[in-house]
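Given the structure is predicted, the values throughout are model-derived calculations rather than measurements. Reminder, nothing fancy here: chain letters follow the sequence lines and each chain counts from 1.
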Amino acid sequence: MAFEFEYSAKNPLYPVSYLKLRAMHSRLEIIWTGQAENQAQGLAQRVEQEMLAMEREFNRFSEKSPLAVLNLKAAMEDVSVGEDLFMALELSEAFRRGTRGYFDIATSTSCGKDMVSYTLNPKSHSVRFNAPEVTLDLGGFAKGFALERVSRMLSDEGVERALLNFGSSSISALGTHPYGEWWAVGVDHTKQHGIVAKEVRLKDSAMSVSGRNYKGEYHIVNPHTGASVAAEELILVEGRSALVCEVLSTALYAAPKTEREAIVSQYDGYRASEILCGDCGSVSIRKIG
Amino acid sequence: MNRKEFLSDCGKIGFAGVTLSLFPWLQSCSDKAKQEVKGEKARIGIIGTGSRGCFHIKHLVQMPNVEVVALCDNYRPHLEDAAQYYPKAKLYDDYRHLLEQRDVEGVIIATPLYLHAPMTLDALSAGKRVFCEKSMGYTLDECLEVYNKRKETNGVLFIGQQRLFDPKYIKAMSMIHEGKIGDVVGVRNYWYRNNNWRRDVPSPELERHINWRLYSEYSRGLMTELACHQLQNGSWALGMLPEQVMGSGHLVHWLKEDKRDVYDCVSAIFTYPNGVNMTFESIISNKHFGMGEQILGTNGTIDLVTGMYYSDEPAPKGSGMHQLIAQIESGVMSNSVFAGTSWAAESSPLAPGVPIMTNVKVVTGESTVGAEADGSRELLEAFIHATITGRQPEKVLEESYYATQFALLADKAMHENQILRLDEKYKIPYTPLK
């Protein structure tokens, strides 16, 4: 895991720490203030260890990961998993129900669309797939989960001001910018880079953006149909939890427009928008719900 | 672009010294060269005052050190159009009479391809400095004959390959020879248009006179009219000449329209001694991709048309997070644009390119006559300087010679369906750019 740590005490009032990690096929960057250098460096190393652990747990492409083992065996037998993975599966099932099935970590399933792909046994912490050919992928969950986990680590160590950026699409904030009442984040215009399509103000909150990927490909699949969703607009979700924002933005993008409002209404305190970037820098924003 | 702007652009790219050793024909663009001919005038005759001839006239009228004293065209309307710019010039319909005019020091030849060599040979024999539009000749033998005549007469001969004087190309080639893009592993050229290449003809008997490009009796089609400009990109970039060429050409679309017999769809591959391929493709019934010229290196790609460099390993963009650090250090707050759909690896293949110089001028290649700021003016100025001094710049003719020869060879390969090499007898002394 590529690790980059920088520290600047140029501003003695707010010495700044910066951490960059390659993780989960993406890049996690964190800025925080208020710690001495050795303290910040220690925290950075612990964050790295935590990210490594989560990656080991959730990466279905790594043969020995618990998730890969689960995918291999759980159609045939009950498979015991660790606490984190069990919690991830519990939360994912809750999100699946809450988003009308438009968030679904089962990437291929022979289950019908309204059927549950797996059954969890809390006593034994085990999982059993309900049909053959079920494959679980936590890609759409892990970033938000990781942001939550790392935010908590920072907070537990007394960090009051931090901005966490995971892949530029999932961002979480502790406190505010040292010189403002929030952290200001601009959503990049998709056709005129450098223009702000929408400014988001984060204060102990998070945001997530879903849409076409950097290659312009439609990579989000509608779980109901199995087809890639070819919507031009971005979906932006803001709220308390980075994980919920991540899940919701994915689900809302995958869902037909007619169902988006109903999905958002299930999540109190979360705001969602459709952002359509046009030629010549134009922007059209529609609040969902 | 005038000479001052050109010099300024070249100055910004480290003109002089290294650049001159790579591109010695640019000597005439230096301040010293300008001083050398200060107050002098070149007396010019123009043979062929059709669209390309008039394109040159529009540059010439802006040059105070040029006096056009003679005009020639065997199509009267073209001659009359040109005469409006130079009412005092003598008018001819036979170029041989123009060549007899004593006060004509230099001639600009802008006639159909099949006339280039005969006219150039006659002009050199008459002691005139010559600027002949590309391509140099209609056959491999003609080109060699012209080259030898220039040597024999110790005359001045320029061929209309304006990229040799375009600051964007000069900058790009400098970067390539300094190793900035790594080893060159490929060269891509293409030129797509969607027009039938046909000019209006006032009466049927003028069809082949005006639309000569469409007939193989007078023209080699897309290879000599378009490819010739681009083929030198490979030799320039690689510092060597192709070893062999193969190609395929057909008349695919415009066959339905008229009686032409030149191809409207061609593809050629030129292979260099080190195994690198240079491709050229042209289709004139689809213009989606326009004109393109790309040098592919192990470190990155230079797009010669847009003047952009694309690194294969781009440095990470100064991320918004680093902007935030700078803000906090400075005690200020502003928004940072960095949120969007999933970021991928820093070495994204779609990372934006960077311009190779300021004020990059992009020529689309759509015009069938010529474009502003494509090096044509600078090329003319260099010819005027050479006309006054009587000095042939180094290398410029050799670069043009081989561009034409390989265009002709490719055309031959297409017609014969063979992989061809340039016969030894056509090889001339040549020092590649290094």
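- Proximity to chain B is limited to the side chain of A/T33, based on heavy atoms less than 4.5 angstrom apart.
- With a 6.0 Å radius and a threshold of 12 heavy atoms from other residues, nucleotides or ligands, A/E160 has its CD atom at or below the threshold.
- With respect to chain B, the highest number of heavy-atom pairs below 4.5 Å among A/N165, A/L163, A/V16 belongs to A/N165.
- When side chains are defined from C-beta on, A/H177 counts as touching B/L324, because their heavy atoms get closer than 4.5 Å.
- The shortest side-chain heavy-atom distance between A/Y14 and B/E329 does not fall under the 4.5 Å cut-off.
- Here the CD atom belonging to B/Q327 is positioned 11.5 Å from the OH atom belonging to A/Y179, to the nearest 0.5 angstrom.
- Looking at A/W182, both its backbone and its side chain come within 4.5 Å of chain B, counting heavy atoms on both sides.
- The contact list for residues 6-13 of chain A toward chain B, using heavy atoms and a distance under 4.5 Å, reads A/E6, A/S8, A/K10, A/N11 by residue number.
- For B/Y190, the side-chain hydrogen bond (donor to acceptor under 3.5 Å, both in side chains) partners are B/Q294, not counting sequence neighbours.
- The CD1 atom of B/I325 sits 4.5 Å away from atom CD1 of A/I31, with the distance rounded to the nearest 0.5 Å.
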